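Data block below; observations after.
Numbering of ligands and ligand atoms starts at 1, following listing order. Remember, predicted model here, so these are calculated numbers, not experimental data.
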Amino acid sequence: MIVILMGPPGAGKGTQAQKLAAHYGLRHLSTGDLLRAAVVEGSELGIKAKEYMSSGQLVPDEVITGVVLDYIHHHRYQGLLLDGFPRTVFQAEGLSKAVSADNVKAISIDLKDEEVVKRLSARRVCRICSWIYSDSLPGSTGTCECGGELYQRDDDKPETIKHRLEVYHAQTKPVIDFFKKFSSVVEVDGLGKPDEVFARIQATLD
Ligand code: AP5
């Protein structure tokens, strides 16, 4: 089974992915985390991705698609949770050739742009374990439970958030229509407390 979490930046994909992975024992692949780690490491992938990410553009399909399809192939006997992939119709087509539609459960978390801007401006992330916090939710103290420092992502600046939303509407939203034809998509309201959103997602999976 492959669970795919879609939705605009800041919709809560990462937050829900952490809960879903723990609850269902799924292996969580966040392409954003993978790329950010590659940038810090200075690997060939990171060098290619860096400029695109900091300006809020998508990394080119040919840079990311092969990496993710290899990962899926390598972990094909485990339950997988994809967070941040596919993000273009090209990537979705690549995935659809690699997996059976019967094994895919696509979930799109809906959130209005105004709420996205509020959430991303308040987001803090752990530098060590990538756990996600928010200045506007209880639990953000400046230090992660693992001891790591919390920081603001480079792409969570107002101008970059605006551009990421434009990119989402132009390039990623069409992926939802692709999945409506390939398998199915459940659309879930992303407003409310994280546990309330989690309960909505759970209801579609149980
Ligand atoms: P990525 O890291 O995937 O960013 P994104 O999709 O823009 O999503 P975000 O991580 O910003 O938000 P989220 O939906 O996970 O929300 P979160 O749970 O953190 O990608 C970054 C970049 O990498 C891309 O721009 C691109 O350059 C590149 N990239 C990645 N994948 C790619 C691909 N496949 N192809 C090409 N390029 C790719 O929540 C946000 C905040 O809200 C947090 O502070 C959280 O605590 C808070 N929050 C969450 N839920 C709630 C709630 N219910 N109520 C109140 N606050 C909440």
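- Residue Gly10 holds the heavy atom nearest to atom 12 (O) of ligand 1 of all those in Ala122, Gly10, Ser54.
- Every atom of ligand 1 with a heavy atom of Arg36 under 4.0 Å away is listed here by number and element: 2 (O), 21 (C).
- The shortest N or O to N or O distance between Arg124 and ligand 1 is not below 3.5 Å.
- In terms of protein heavy-atom proximity, atom 7 (O) of ligand 1 is closest to Arg164 NH2, 2.7 Å.
- Both Met53 and Leu45 belong to a single network of hydrophobic side chains, linked directly or stepwise wherever heavy atoms of I, L, V, M, F, W or Y lie under 4.5 Å apart.
- Residue contact check: Tyr133 has heavy atoms under 4.0 Å from atoms 43 (C), 44 (O), 46 (O) of ligand 1.
- Given atom 34 (N) of ligand 1, the protein heavy atom at minimum distance is Gly84 O, 2.8 Å.
- Counting only heavy atoms from C-beta outward, the side chains of Gln171 and Leu58 approach each other to under 4.5 Å.
- The Gly192 neighbourhood of ligand 1 comprises atoms 52 (C), 53 (N), 54 (N), with distances under 4.0 Å to a heavy atom of that residue.
- Residue-to-ligand polar distances place Arg153 within reach of ligand 1: an N/O pair is separated by less than 3.5 Å.
- Less than 4.0 angstrom separates some heavy atom of Lys193 from each of these atoms of ligand 1: 53 (N).
- For the pair Thr141/Tyr133, no side-chain contact is recorded, criterion being any heavy-atom separation below 4.5 Å from C-beta on.
- The Pro8 neighbourhood of ligand 1 comprises atoms 14 (O), with distances under 4.0 Å to a heavy atom of that residue.
- At a threshold of 4.0 Å, the pair Arg153-Asp155 counts as salt-bridged, since one of the basic side-chain nitrogens sits closer than that to a carboxylate oxygen.
- Not one N or O of Asp155 is nearer than 3.5 Å to an N or O of ligand 1, by distance alone.
- Heavy atoms of Pro86 come nearer than 4.0 angstrom to ligand 1 in no pair at all.
- Protein heavy atom nearest atom 16 (O) of ligand 1, with residue, atom name and distance: Gly12 N, 3.2 Å.
- Of the protein's heavy atoms, Arg87 NH2, 3.8 Å lies nearest to atom 24 (C) of ligand 1.
- Closest protein heavy atom to atom 26 (C) of ligand 1: Gln57 O, 3.5 Å.
- Interface atoms of ligand 1 facing Gln91, defined by a heavy-atom separation under 4.0 Å, are 33 (C), 34 (N), 35 (N), 36 (C).
- Among all protein heavy atoms, the one lying closest to atom 38 (C) of ligand 1 is Leu35 CD1, 3.8 Å.
- Every N/O-N/O distance between Tyr52 and ligand 1 stays at or above 3.5 Å.
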Can you check side-chain contact (heavy atoms from CB on, under 4.5 Å) on Val125 and Leu150, steps first, answer last?
-> CA-CA 5 Å; Val125 181; Leu150 303 189; over 6 Å; no
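- A salt bridge links Lys180 to Glu187: one of the charged nitrogens lies within less than 4.0 Å of a carboxylate oxygen.
- Protein heavy atom in closest approach to atom 19 (O) of ligand 1: Arg123 NH1, 2.6 Å.
- The shell of residues lying under 4.0 angstrom from ligand 1, judged by heavy atoms, includes Ala11.
- Side-chain polar atoms of Gln202 and His23 form a donor-acceptor pair below 3.5 angstrom.
- Residue-level proximity to ligand 1 for Thr15 is carried by backbone and side chain together, each with a heavy atom below 4.0 angstrom.
- Side-chain contact between Leu29 and Leu80 is absent, with no heavy-atom pair separated by less than 4.5 Å.
- By the 4.5 Å heavy-atom criterion applied to side chains, Leu137 and Pro194 are counted as neighbours.
- Atoms of ligand 1 found under 4.0 Å from any heavy atom of Ile64, numbered from 1 in the order shown, are 35 (N).
- The pair Asp135-Arg123 fails the salt-bridge criterion, with no side-chain N (NZ, NE, NH1 or NH2) lying under 4.0 Å from an Asp/Glu carboxylate O.
- Contacts of Thr88 with ligand 1, taken as heavy-atom pairs under 4.0 Å, are absent altogether.
- Here the rule is side chain to side chain donor-acceptor pair (under 3.5 Å) with Gln91, and of Thr172, Asp61, Thr31 only Asp61 fits it.
- Interface of Gly14 with ligand 1, defined as ligand atoms under 4.0 Å from a residue heavy atom, comprises 13 (P), 15 (O), 18 (O).
- Taking the charged nitrogens against the carboxylate oxygens, Arg164 and Asp156 do have a contact shorter than 4.0 Å, which makes a salt bridge.
- Distances from ligand 1 to the non-hydrogen atoms of Glu196 include no value under 4.0 Å.
- Ring geometry, His75 versus Tyr71: the interplanar angle falls from 30° to 60°, so the pair is classed tilted.
- Using a 4.5 Å cut-off between side-chain heavy atoms of Ile, Leu, Val, Met, Phe, Trp and Tyr, with links allowed through other members, Leu95 and Ile176 fall into the same hydrophobic cluster.
- Ranking the protein heavy atoms by distance from atom 22 (C) of ligand 1 puts Met53 CE, 3.9 Å first.
- A donor-acceptor pair is defined here as one N or O able to donate and one able to accept, closer than 3.5 Å; no such pair exists between the side chain of Lys13 and the backbone of Ile4.
- For atom 54 (N) of ligand 1, the nearest non-hydrogen atom from the set Gln152, Arg119, Lys19, Lys118 comes from Arg119.
- Under 4.0 Å is where a charged nitrogen must lie from a carboxylate oxygen, and between Lys118 and Glu115 at least one such pair does.
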